[in-house]
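To keep things clear, I will list the structure first and then write my remarks on it.
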Amino acid sequence: MSQNNKSVRVRFAPSPTGPLHIGGVRTALYNYLFAKKHGGTFILRIEDTDQTRFTEGAESYIEETLEWCGMLPQESTKLGGDFGPYKQSERKAMYKQYADQLLEAGKAYYAFDTSEELVEMREAAKAAGSVAKYGIASRGQMKNSLALSAEDVQERLDSGAPYVIRLKVNSGETVVFEDMVRGLVRFQSDEIDDKILLKSDGMPTYHLANIVDDHLMQISHVIRGEEWLPSTPLHVLLYRYLGWEDTMPTFAHLPLILKPVGSGKLSKRDGDKHGFPVFPLDWKNPTTGETAMGFRERGFLPEAVVNFLAFLGWNPGTEQELFSMEDLIESFSLERVNKAGARFNFDKAKWFNQQYIIQSSDADLAKMVRPQVAANGHEVEDSALETICGLLNERMTTLSDFWEQGYYFFEDVKEYDRKTVKKKWKLDKRPIFDTLVETVANVEPFTGENIETQVKAYINDNQLGFGNILPIFRVSLTGTMKGPSIFDVASLLGKETVLKRFETAFAAFDASKQG
RNA sequence: AGACUGUUAGUGUAAUUCGAAACACGCCUGAUUUUCAUUCAGGUAAUACGGGUUCAAAUCCCGUACAGUCUACCA
């Protein structure tokens with residue numbers, strides 16, 4: 001399928017209108033993988049031709065996301081490059097000449113219709129049960145340089161009347177292109193609208209800017225979401241009319257990411273509704289103050305997010321599921337990208353994250369988790385934190401689980417598991433537990449192993465039964481029935497803390513029974 | 001309404017030129033564990049529907065249904 005030898009240059013071209021959606025991250029990922037796989041160049045281009053939708057902070061959000069995921073562009077606004085600028089608003093001056101070129105070639109025309117007139121046209125069509133199209137069939141009835149007299153047009157132009165430039169689509173053409181994901185796709189030109197190329201403010205629309213930039217930046221492959229498939233014939237026509245068809249990039253349209261339940265594509269609302277992130281990083285809308293949760297803040301490792309995303313619409317054809325970025329680059333191919341939309345599955349995302357946490361070394365985990373300790377106002381030595389991480393690492397599915405599951409390593413128990421206390425604590429058994437505490441107090445040195453043998457010996461010697469004693473032992477120290485070896489926990493806590501916790505716990509248990 | 005794209009267990013995906021529907025997540029059972037998690041051993045469940053072509057169809061063809069995307073001076 002590699003048709004020519006020109007070097008691979010791909011771009012990720014988001015609009016800075018808000019936080020990058022997780023689907024956008026996947027598009028960036030596939031572009032990145034494809035570029036790296038073929039020794040090509042990955043470019044970040046900001047498509048900000050719509051000034052009304054500009055959002056403060058969106059551009060840096062995009063950059064930060066790419067950095068967090070480990071897919072840095074080689075050319076961008078920040079980095080520069082031989083084909084800059086990389087922001088469309090800074091390229092404004094370039095686009096008009098191409099619109100003019102099309103105008104001269106008779107492939108485009110001026111249109112003077114006001115937005116009211118266009119609305120009217122649409123409503124009329126709607127009333128007739130169809131959707132309006134400004135194109136081959138209707139352009140004769142509209143106010144444009146095709147329908148108006150030459151004098152009228154000149155007069156309007158001279159008077160400075162606002163105008164747009166629209167593409168003049170020829171009737172009866174067949175547009176065929178090879179999509180790397182979907183194969184041969186065919187459209188009839190009569191179905192294509194005379195899209196606006198240059199807006200009345202002089203800014204190009206997406207369509208013009210995109211084609212001009214891709215051409216000028218020598219983009220070899222356009223890898224983007226499926227929502228662009230219907231406008232691709234328009235783009236092909238643009239390449240054709242501009243005389244660039246022989247260097248036109250190859251297209252690949254990626255399947256959409258769908259809602260976990262119901263139908264439609266994944267949206268911010270799904271995240272709110274089901275309590276999972278749909279954005280890579282936290283985002284706060286600067287104007288509304290609205291916030292959105294990110295995978296990063298939710299305690300996901302970037303490696304896990306990348307791995308998970310890679311599998312949403314692609315698979316290597318083997319049974320391997322855990323892929324580092326290097327592995328992905330090695331195995332990725334657009335030919336193995338799926339055609340059907342992929343449903344977002346948060347359970348699977350969590351599974352990936354858990355795998356990556358388990359794989360992490362205690363030292364790495366400690367680094368990731370330290371901010372949580374600090375945020376709760378505690379300090380710990382690296383070695384102690386690492387030991388705790390070793391104890392907890394198989395029990396965390398996200399980093400945020402660390403504090404939730406292990407806070408008792410740093411502070412007093414907040415709450416005792418009521419069921420266990422109710423079932424296992426008997427007032428008349430108090431002496432047994434007091435003796436247990438004495439036993440523990442005599443353990444020296446206070447290692448997990450020593451505590452375990454002594455405590456178990458005590459239980460066995462007095463035929464008390466593990467099930468009657470150990471739950472109270474655990475709950476007294478940690479408050480919960482979940483967690484790592486309680487003897488290791490005790491050792492780490494230190495004798496002094498352990499004895500103190502027994503004391504307060506037993507008092508609380510007694511009180512709960514009497515009260 | 002039209003154009004385009006799609007449809008394999010609940011979910012993500014496999015299945016060389018038609019040739020036993022497989023893997024993972026989830027869920028359930030059991031083992032291990034003082035508990036939870038991990039690990040291990042099992043189990044669960046699918047080719048949207050209807051026609052054709054063929055010795056043989058998830059795979060090719062036709063139709064139907066359903067779904068999605070697009071049809072902005074948004075991208």
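Quick caveat: nothing in here was measured; it's all calculated off a predicted structure. Chain identifiers are assigned alphabetically (A, B, ...) following the order of the sequence lines, protein sequences preceding nucleic acid strands; residue numbering begins at 1 within each chain.
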Distance check: side-chain N/O of A/Q354 vs OP1/OP2 of B/rU38, anything under 4.0 Å?
yes
Taking any heavy-atom pair under 4.0 Å as a contact, classify A/K350: base, sugar-phosphate, or nothing.
nothing
Classify A/K126 by what it touches in the nucleic acid, base, sugar-phosphate, or nothing, heavy-atom distance under 4.0 Å.
nothing
Within less than 4.0 Å of OP1 or OP2 of B/rA75, is there a side-chain N or O belonging to A/T49?
yes
If you only use heavy atoms from C-beta on, which nucleotide in B/rU71, B/rA15, B/rG68 is closest to the side chain of A/D193?
B/rU71
Looking only at side-chain atoms of A/V185, point me to the closest of B/rA14, B/rA72, B/rU5.
B/rU5
Need one value for A/S231: base, sugar-phosphate or nothing, where a base atom within 4.0 Å counts as base even if backbone is also close, heavy atoms only.
nothing
Atom P, compared across B/rA46 and B/rG52: separation rounded to whole Å:
25 Å
If you look at every strand shown and take non-hydrogen atoms under 4.0 Å, does A/L312 touch a base, only sugar-phosphate, or nothing?
sugar-phosphate
Side chain of A/I196 only, heavy atoms from C-beta on: which candidate in B/rU5, B/rU34, B/rC73 is closest?
B/rC73
Which of the following nucleotides, B/rA3, B/rU34, B/rU13, is nearest to the side chain of A/E191?
B/rA3
Under 4.0 Å between any heavy atoms, over every strand shown, what does A/F344 touch: base, sugar-phosphate, or nothing? Just pick one.
nothing
A/I358 CD1 to B/rU38 P, in whole Å, measures 7 Å
Salt bridge check, A/R45 against A/E47: does any charged N sit closer than 4.0 Å to a carboxylate O?
yes
A/D113 near the nucleic acid: base, sugar-phosphate alone, or nothing, with a heavy-atom cut-off under 4.0 Å?
base
Checking B/rU69, B/rC73, B/rU71 against the side chain of A/L118 (C-beta onward), the nearest is B/rC73
Within the structure shown, what part of the strands sits under 4.0 Å from A/R224 by heavy-atom distance: base, sugar-phosphate, or nothing?
nothing
Determine the Euclidean distance between corresponding C1' atoms of B/rC49 and B/rA58; express it in Å to zero decimal places.
14 Å
Say we look at B/rU11 and B/rU16: how far apart would their C1' atoms be, to the nearest angstrom?
27 Å
In whole angstroms, the gap separating C1' of B/rC73 from NZ of A/K96 amounts to 15 Å
When you check the phosphate oxygens OP1 and OP2 of B/rA14, does a side-chain N or O of A/N338 lie under 4.0 Å from one of them?
yes
Can you find an N or O donor on one side and an acceptor on the other, under 3.5 Å apart, linking the side chain of A/R182 with the base of B/rU5?
no
A/R122 side chain N/O closer than 4.0 Å to the phosphate oxygens (OP1, OP2) of B/rC73?
yes
Considering every strand and a 4.0 Å limit on heavy-atom distances, what is the contact class for A/I486: base, sugar-phosphate, or nothing?
base
Would you say the rings of A/F308 and A/F300 are close, in the sense that their centroids are separated by under 6.0 Å?
no
Span that lies between the C1' atom of B/rU53 and that of B/rC61, in whole angstrom:
7 Å
Could you state the CZ-P distance from A/F473 to B/rU33, rounded to the nearest angstrom?
18 Å
Run the salt-bridge test on A/D401 and A/R395 with the 4.0 Å N-O cut-off and return the result as yes or no.
no
Between B/rG12 atom P and A/F276 atom CZ, what is the distance in whole Å?
13 Å
Here's a test of your reading of the structure: between A/S130 and A/S485, which maps to the more 5' nucleotide of RNA chain B?
A/S130
Can the ring centroids of A/F323 and A/F311 be said to lie less than 6.0 angstrom from one another?
yes
What do you reckon, are the aromatic ring centroids of A/F251 and A/W228 less than 6.0 Å apart?
no
Please work out if A/G467 contacts a base, only the sugar-phosphate, or nothing of the nucleic acid, heavy-atom cut-off 4.0 Å.
nothing
Does A/F473 have its ring centroid less than 6.0 Å away from the ring centroid of A/F502?
yes
Under 4.0 Å, counting only non-hydrogen atoms across every strand here, what does A/F311 touch: a base, just sugar-phosphate, or nothing?
sugar-phosphate
Per A/R53 side chain, nearest of listed nucleotides B/rC74, B/rA72, B/rC70
B/rC74
RNA chain B: A/E394 or A/V337, which has the more 5' nearest nucleotide?
A/V337
NA contact type, A/K133, heavy-atom cut-off 4.0 Å: base, sugar-phosphate, or nothing?
nothing
Send over the distance from A/D488 CG to B/rU33 C1', rounded to a whole Å.
13 Å
Which nucleotide in the list B/rU13, B/rC73, B/rG6 gets nearest to the side chain of A/A340?
B/rG6
Side chains of A/N31 and A/R11: closer than 4.5 Å at any heavy-atom pair?
no
Gap in Å between the two P atoms, one belonging to B/rC40 and one to B/rC25, rounded
10 Å
A/K456 side-chain proximity, nearest of B/rU34, B/rU13, B/rG68:
B/rU34
Parallel, tilted or perpendicular, as decided by the 30° and 60° cut-offs, for the rings of A/Y407 and A/W403:
tilted
Partner of A/D194 under salt bridge (Lys or Arg N to Asp or Glu O under 4.0 Å), picked from A/R166, A/R139, A/K133, is A/R139
Provide the distance between the two P atoms, one in B/rA14 and one in B/rC23, to the nearest whole Å.
15 Å
Distance-only donor-acceptor test (3.5 Å): side chain A/R343, base B/rU11
no
Between NZ of A/K199 and C1' of B/rC73 the distance, given in whole Å, is 6 Å
Quick check for you: among B/rU34, B/rA75, B/rA24, whose closest atom lies nearest to any side-chain atom of A/T205?
B/rA75
For a quick check of understanding: with a heavy-atom distance under 4.0 Å over all strands, which category does A/G313 fall into, base, sugar-phosphate or nothing?
sugar-phosphate
What do you reckon, are the aromatic ring centroids of A/W314 and A/Y30 less than 6.0 Å apart?
no
Rounded to whole angstrom units, what separation is found between the CG atom of A/L309 and the P atom of B/rC25?
19 Å
Tell me what A/A132 touches on the nucleic acid: a base, only sugar-phosphate, or nothing, going by heavy atoms under 4.0 Å.
sugar-phosphate
Of the options B/rU35, B/rC70, B/rA75, whose atoms approach the side-chain atoms of A/M481 most closely?
B/rU35
Rounded P spacing from B/rA37 to B/rU47 in Å:
33 Å
Below 4.0 angstrom, N of the basic side chain to O of the carboxylate: do A/E226 and A/R182 qualify?
yes
Examine distances only and state if a side-chain atom of A/S491 and a backbone atom of A/F446 form a donor-acceptor pair shorter than 3.5 Å.
yes
For a quick check of understanding: with a heavy-atom distance under 4.0 Å over all strands, which category does A/P484 fall into, base, sugar-phosphate or nothing?
base
What does the 5'-to-3' dot-bracket notation of RNA chain B look like when only Watson-Crick and G-U wobble pairs under 3.5 Å count, and pairs to other strands show as |?
(((((((..((((.....[..))))((((((.......))))))...(((((..]....))))))))))))....
A/K259 NZ - B/rG10 P separation (whole Å):
21 Å
